[in-house]
Amino acid sequence: MSSNKFETDAIRTQMERSEFLEHSTPLHLTSSFIFEDAEDMRASFAEEKQRNIYSRFTNPNTSEFIDKMCKLEGAESGYAFATGMAAVFSTFAALLNAGDHIVSARSIFGSTNTLFTKFFPKWNIETSYFKIDEVDQIESLIQPNTKILYLESPTNPAVDILDLELLGQIAKKHHLIYIVDNCFATPYLQNPIKFGADLVIHSATKLIDGQGRVLGGATVGRADLIREIYLFSRNTGPALSPFNAWILSKSLETLGVRVDRHCDNALKVAEFLESHEKVALVKYPFLKSHPQYELAKNQMKQGGNVVAFEVKGGIEAGRQFLNHLKMLSLSANLGDTRSIATHPASTTHSKLSESERLETGISDGLVRISVGLEHGDDIIADLKQALEYV
Ligand SMILES: Cc1ncc(COP(=O)(O)O)c(C=O)c1O
């Protein structure tokens, strides 16, 4: 465990310098690495030495990125993936056998939900779900074949908060592998391992890149579990590219300052929306009106950059609002420097049935704002003028 502060580890975790003594990390665009002789080749494959062999297994850039992620999350080990979904899929596929069972929060990212409902049943892996207000019923969902307890907090897109510590205790009591998707919080705002998580998953595409350039993912946590995930991944090929790892490792150097500003802007946006007469509901973890405000304060440093809200007048009013935004982008991404508005019911969560959407707080009129790094006054001015058309 590192004794440095977050910002220092985010900057000073760096691969060994080459003979050129470069200050900034160089990019190692190479698919493979050479061996000194036949014995070196044999010993390397036998894992008698720790070294790079082939970039699907490891590469200096992916190792730097994942070493940094491990320090920032307080994890023993990790593996870097090409996307967040590659991290989610490979983590579950590596750890589960046919016939195993997952207990998952109902509010999860749309593609993760599709994985659980459409693809895993092909391998006889079933999932039982609990809603945000059904945490007391989790134990009744656990079966003899349950292997994993899974959740996101804050949730996408309704930014609900689950009690990480309480769920960690349940997982421990029932010997389940406890996995948290920490994408919305980033390691800067929340460290699920402190609350008992065995593994933490990230879509690095979001705030970790933070500039809308590259896709990436990571799973970090218990070394014995990561070993299984590594063996699965080195043979199936979801590895992060060295170029994207180089970008993401550089991005982590500024994660703290960027997320501080994202959160300041998001709180201002949430307060503005809450005071607006045409807004029916605002959800932001650090708004006092958020149903899990105290819990959010307890487990997160700040509220994150996503604000969810509903305009009065339902879907048509929501459409008018989105169509009149001048500066905010309409895009499915989040965690960019540019503020983004999305309509989850018709995009990221459109594969859910209407009742599943309502169970997860995604009404037809819900708008998700990923608050960016433009000046807060300008973001609010754009929201204000678009609300005039509602
Ligand atoms: C919470 C969460 N997990 C996972 C993912 C998937 O990440 P990626 O798009 O990098 O595959 C997303 C994407 O939006 C997400 O919001």
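In listed order, ligands and their atoms are each counted from 1.
Ring orientation note: the planes of Y129 and F116 are tilted relative to one another, at an angle of 30° to 60°.
Residue K206 holds the heavy atom nearest to atom 9 (O) of ligand 1 of all those in K206, M85, H202.
Heavy-atom neighbours of R234 CZ from other residues, nucleotides or ligands within 6.0 Å: above the threshold of 12. For R51, the CZ atom counts as densely surrounded, since its 6.0 Å shell holds more than 12 non-hydrogen atoms of other residues, nucleotides or ligands.
Distances shorter than 4.0 angstrom occur between a heavy atom of N156 and an atom of ligand 1.
Taking atom 7 (O) of ligand 1 as the reference point, the nearest protein heavy-atom neighbour is S203 OG, 3.0 Å. Remark: minimum distance from atom 6 (C) of ligand 1 to any protein heavy atom is reached at F109 CE2, 3.5 Å. The protein atom (non-hydrogen) at minimum distance from atom 4 (C) of ligand 1 is D181 OD2, 3.5 Å.
Interface of E152 with ligand 1, defined as ligand atoms under 4.0 Å from a residue heavy atom, comprises 1 (C). Remark: ligand 1 atoms within the under-4.0 Å shell around heavy atoms of T83 are 10 (O), 11 (O). Near T205, with a cut-off below 4.0 Å to any heavy atom, the atoms of ligand 1 are 8 (P), 10 (O). Atoms of ligand 1 found under 4.0 Å from any heavy atom of G84 (numbered from 1 in listed order, with element): 7 (O), 8 (P), 10 (O), 11 (O).
Under a cutoff of 6.0 Å and an axis angle of 45°, K297 and F286 form a cation-pi pair.
The side-chain heavy atoms of L281 and F309, taken from C-beta on, include no pair separated by under 4.5 Å.
Nearest heavy atom pair, residue S77 against residue I226, reads OG-CG2, 3.3 Å.
No donor-acceptor pair under 3.5 Å is formed between the side chain of T342 and the backbone N or O of P344.
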